[in-house]
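All remarks here apply to the structure that follows.
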Amino acid sequence: MTRWLALTLANVMRQGTSLCRAMAIEIDIAHVARLARLDLDEDQLAHYGAQLDAIVAYAAEVQAVDTSDIPEMSHPMGMENSFRDDVVVPSLDRDQVLEMAPAQEDGAFLVPPSLGDEAEEGDES
Amino acid sequence: MSLADLSITEAAAGRRSGDHSFVDLFDAVLTRANHTEAQLHCYLVIDHRGARAAAETADGELSAGTDRGPLHGIPIAIKDNMNIDGLETTCASQILSGWVAPYDAHVITRLKEAGAVLVGKTNLDEFAMGSSTENSSYGATRNPWDTTRVPGGSSGGSAASVAVGSSFAALGSDTGGSIRQPGSLCGVVGLKPTYGTVSRRGLVAFSSSLDQIGPLARNVEDSRILLEAIWGHDPGDATSWNGDYPDISAPRVDLRGLRVGVIDQLSGDAFEEAVSDATRSVLDGLSDEGAEVGEVSLPGFDVALAAYYLVAPAEASANLARFDGVRYGLREDGATSEEMMRVTRATGFGPEVLRRILLGTFSLSAGYHDAFYGQAQRIRTHLTAEMNRAYEEYDVLVSPTSPTTAFELGARTADPLSMYFSDVATAPSNLSGHPAISVPVGLDEGGLPIGFQILAPAFGEERMFAVAAEVERLVGFDTRPVLAAELA
Amino acid sequence: MTWAPVVGIEVHVELRTLSKMFCGCAVSFGGAPNTNVCPTCLALPGALPVPNRTALDSIVAIGLALNCDINEHSIFHRKNYFYTDLPKNYQISQFDLPIATDGWLEVDTGEGPRRIRIERAHMEEDTGKSTHVGEGGRIHTAEKTLVDFNRAGTPLVEIVSRPDIHSAVEARAYAQELRALVVELGVSDARMEEGSIRFDANVSIRPHGDSELGTKVEIKNMNSFRSLERAVDHEIGRQIGAMEAGKPIVQETRHWDEAGGLTTSMRGKEGSSDYRYFPDPDLVPLRIDEEWIERIRGTLPELPSTRRQRYLGQGLDSHSAGVLASSDADLRSLHDDAVASGADPTASANWITGEITAWMRRTETEPGDLDLDGARLAEMVGMVADGDLSASAAKDVLDGVLSGEGGPREVAEARDLIQVSDRAAVSEIVGSVLADNPEAVARYRDGEHKVVGFLVGQVMRASGGKADPQLANELLRAQLSG
């Protein structure tokens, strides 16, 4: 790592960590992994959790800017109303579609049984 | 000198004057690839049969009197996050293993119409997430100037291939600097056009509001030719610009009186000495020719990178949700659908992708959304307004493209943040949607290329190209990477 | 303690556009699995959505018909959750800036019209369909799941009411009124059995007079208006029972079991889902300006509630106005044409909702095939009003007209059903009847006034049934008293 990088990093981390403390940010990494539907073991969670702590501490720098009265950006060029006419165009060939499928049956995509409605998005933590 | 070292304009003229055929051009590129791929690993796949057929067709058409223009018969490489009908798109990820695209990306359609020969798909950081092309699940690409070093990223395969001559030019995608930074590290021209001017249809999305496809080429004129071929409104991309486009057919600028703003936040101590020196010498050259060089402070740049690392992962966390093992790509076993998805995703995505999905999911989650994602999107508005104000006083803004020259493989892999800082000079243009170009302007003491970045206001491509061409002329950078020079 | 139920209804309406919301695949029902799919609705890498203009026209029409504000600025959000039949694992929907807000729909359960406030109507896309294969086909016992993406990406409008509904009957009336409205607008087939209109109900109860809302329970899986009414009714009862037994109501989603006639708990919903909404960066903001709104307003048909008001204004009673307002379009234009041709509106409506409807049922005739126009109906109504036809003769005449025998007067004459209401003619018959029945005349004069009924019968017989009985009665009494 070059000197500038080491200095820059040390500097932003100092600022960022204090911002994080001020905001009382705590990352529940297991909850985040569940939301993102990622099967991570304890070691991975600890590893990514620590990295996220550092990155979020850095990203918290954004808090330094007063953005009251500033709207969120939508399209960078401010475009609006981009539509298509209600016209049917040919769909993909089904054989081609199902050829992609990891598993298929009777013209449908075959998956293991589903637990149902929004499973896991509910509060399990 | 090999045909593979010609510029696009030279190669095109040579074919028309009967010096060589398009098949000869493809063979030259293929020969160069055969000599360099083992060391560099620019390509994930070379479409031998398809490309040769395209070159033969191109020759036949031209002989029959059909001239498709400057890209007719020119071998072009494509970053492997853009779909070519009938070829695998991997995004350098295991999760897409075996997936064959059933449709062409809009840019591919445009290149095919222009008669280009699509050589193959180039390596990248998985899903374009990275700045070194080390995050490829198929192995890293190396820098043709020094194979112990990275080519930059994420379009590292494209940049290295253009530099070494295993393609004449290439398409990359730039979300936070992924064209310009590898362009800088490999000594080639790389540019990101105004957001919305090149259709994203068929580009596998990383961060939809930041992603733009753009060219990597060996000189400014070649990059202009490539951009002219791929840009324009596409009704199949709702974010595609549907208004007027600037005329970039013959960019011209008079350096006398040209107002050049040097971005304070991207100069001085924050950058390697050789980089700062090279930048200063370009500015001196511009001043000598009559440009008015001034300094401009853009405080928004201080928080731009932080905003970038909130917006991009947030959008990515949703864009990459579709990779779930249900419809295509990798599927791991699971007793339930939910388990199958969890295991498939944790297995199929590499560490950097996992990290960004986690980061993005967190920054959108209940309780943090407004402080992180929302705040970052407000900063974009703020930053854009700040840049637009600067353009009232300056015709172009300039900075180094990358804080450092090419770094050694593995140097930044242990600490994600150190890698993220590679984008500090490039990410702001993605946040604002403005165009920016990186032009090689010199080598450091180790013989590694240094890039100079020219930023222009929205739709300011004509001015951007014109200034870039002047910088190119002033600097006279025509050095070839060691590897290419050895083979020429 | 008495309890006041509070019900809000969420409605999902699939729009009947030709193509899907964000791609050009055909909107279809019942096709072979995965035959109407493309890169966009399958969420293939690199695919992008582009909104269907006609679908947006449709939601503007719905918003206007529901008396909503059409917001000039609105945006599409991504609603993030993983599910096998949701291809992108996020749904393109709307969040804090929906297209339509703050409207109302009038419903009448027979106790006078009430306005149910509409919170919002927003645009989104439908999911694919999962079939759970295994014992009983139930989700929890399934061995595997088959997914068909034909439905994925079908344009869907979600309409959310305020909790203004106070009974199961009213919930049903609201649902029926809303369905009639979207059908009238021509924006949806709204077939409950095909799932192209779906109702979920949020039910809570509170002590009568309280203003604070109770704990809300969402009930799903009602596939007919009747089951909606039953489910809401059952849930209100269940909650009252629980409260009175001192058990707390749990915020949850419950599944209506049609066969068992009860709701069962699906899954606790406290700490509700974290959908991580954010503006979809693949789409640009919507700006629906006055010009767009006025263009759609100009295409709106007359809506059931407006029509009912119009009929009430014609003097129809609330019941007839309601029945006619929601009846078939051909019958309504028959009425409107008859009134335009001079028919008394109440008489016209009574004929249409009464005898004509009965005749159609008897002969299995569709409204569109009726051999009757407004002018003829008006003519017949006029003949009755003028006394040319008796009520019972008119039924015969109607039958003749509908059977294609000609116009009302033509049929009446052919069937010899014209009433004699000429004063002189009837008077003459009355005179001869009195002369022929001196005994009856004597009894009348002795105070036995009911004998006049017999004399009217004699007049009718003498006239061949054509004399106006009322006129005969009047003239008899006059001559008897004279």
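Each chain gets a letter, A, B and so on, in the order the sequences are listed, and its residues count up from 1. Below, each value reflects all heavy atoms present in this structure, side chains not excepted, and no hydrogens, waters or symmetry copies.
- Rounded to the nearest 0.5 Å, atoms CZ (Phe82(C)) and CZ (Arg34(A)) are 13.5 Å apart.
- For the atom pair CG (Asp148(C)) and CG (Asp106(A)), the distance works out to 11.5 Å, reported to the nearest 0.5 Å.
- Looking at Cys23(C), the atoms closer than 4.5 Å to chain A (heavy atoms on both sides) all sit in the backbone: N, CA, C or O.
- Side-chain contact between Thr35(C) and Ser91(A) is absent, with no heavy-atom pair separated by less than 4.5 Å.
- Looking at Phe149(C), only its side chain comes within 4.5 Å of chain A, counting heavy atoms on both sides.
- Minimum heavy-atom separation, Phe83(A) to Arg53(C): CD1-NH1, 3.9 Å.
- More than 12 heavy atoms of other residues, nucleotides or ligands lie within 6.0 Å of CD in Gln96(A), so this atom counts as buried by the packing criterion.
- Of the residues considered (His75(A), Met73(A), Arg84(A)), Arg84(A) shows the highest number of contacts with chain C, using heavy-atom pairs under 4.5 Å.
- Contact of Val87(A) with chain C is made through the backbone alone, with heavy-atom distances under 4.5 Å.
- Atom CG in Leu92(A) sits 7.0 Å away from atom SG in Cys25(C) (nearest 0.5 Å).
- Once rounded to the nearest 0.5 Å, the distance linking CG of Leu110(A) with OG1 of Thr84(C) reads 11.0 Å.
- The CG atom of Asn81(A) sits 11.5 Å away from atom CG of Leu283(C), with the distance rounded to the nearest 0.5 Å.
- Ranked by heavy-atom pairs under 4.5 Å with chain A, the first of Leu44(C), Asn34(C), Val27(C), Thr54(C) is Asn34(C).
- Other residues, nucleotides and ligands contribute over 12 non-hydrogen atoms within 6.0 Å of the CD atom of Glu258(C).
- At least one donor-acceptor pair under 3.5 Å links the side chain of Arg94(A) to the backbone N or O of Pro33(C).
- Inter-residue side-chain proximity for Glu80(A) and Leu286(C) is flagged as unmet; no heavy-atom pair is nearer than 4.5 Å.
- For Met100(A), the part lying under 4.5 angstrom from a heavy atom of chain C is the side chain only.
- Atom NZ of Lys20(C) sits about 13.0 Å away from atom CG of Asp86(A), to the nearest 0.5 Å.
- Looking at Leu42(C), only its side chain comes within 4.5 Å of chain A, counting heavy atoms on both sides.
- Side-chain contact between Ser114(A) and His132(C) is present, with heavy atoms from C-beta onward closer than 4.5 Å.
- With a 4.5 Å cut-off on non-hydrogen atoms, Pro39(C) touches chain A through its backbone and its side chain both.
- The 12-atom threshold is exceeded at CD of Glu294(C), counting heavy atoms of other residues, nucleotides or ligands nearer than 6.0 Å.
- Neither the backbone nor the side chain of Ile75(C) comes within contact range of chain A, judged by heavy atoms closer than 4.5 Å.
- With a 4.5 Å cut-off on non-hydrogen atoms, Thr17(C) touches chain A through its backbone and its side chain both.
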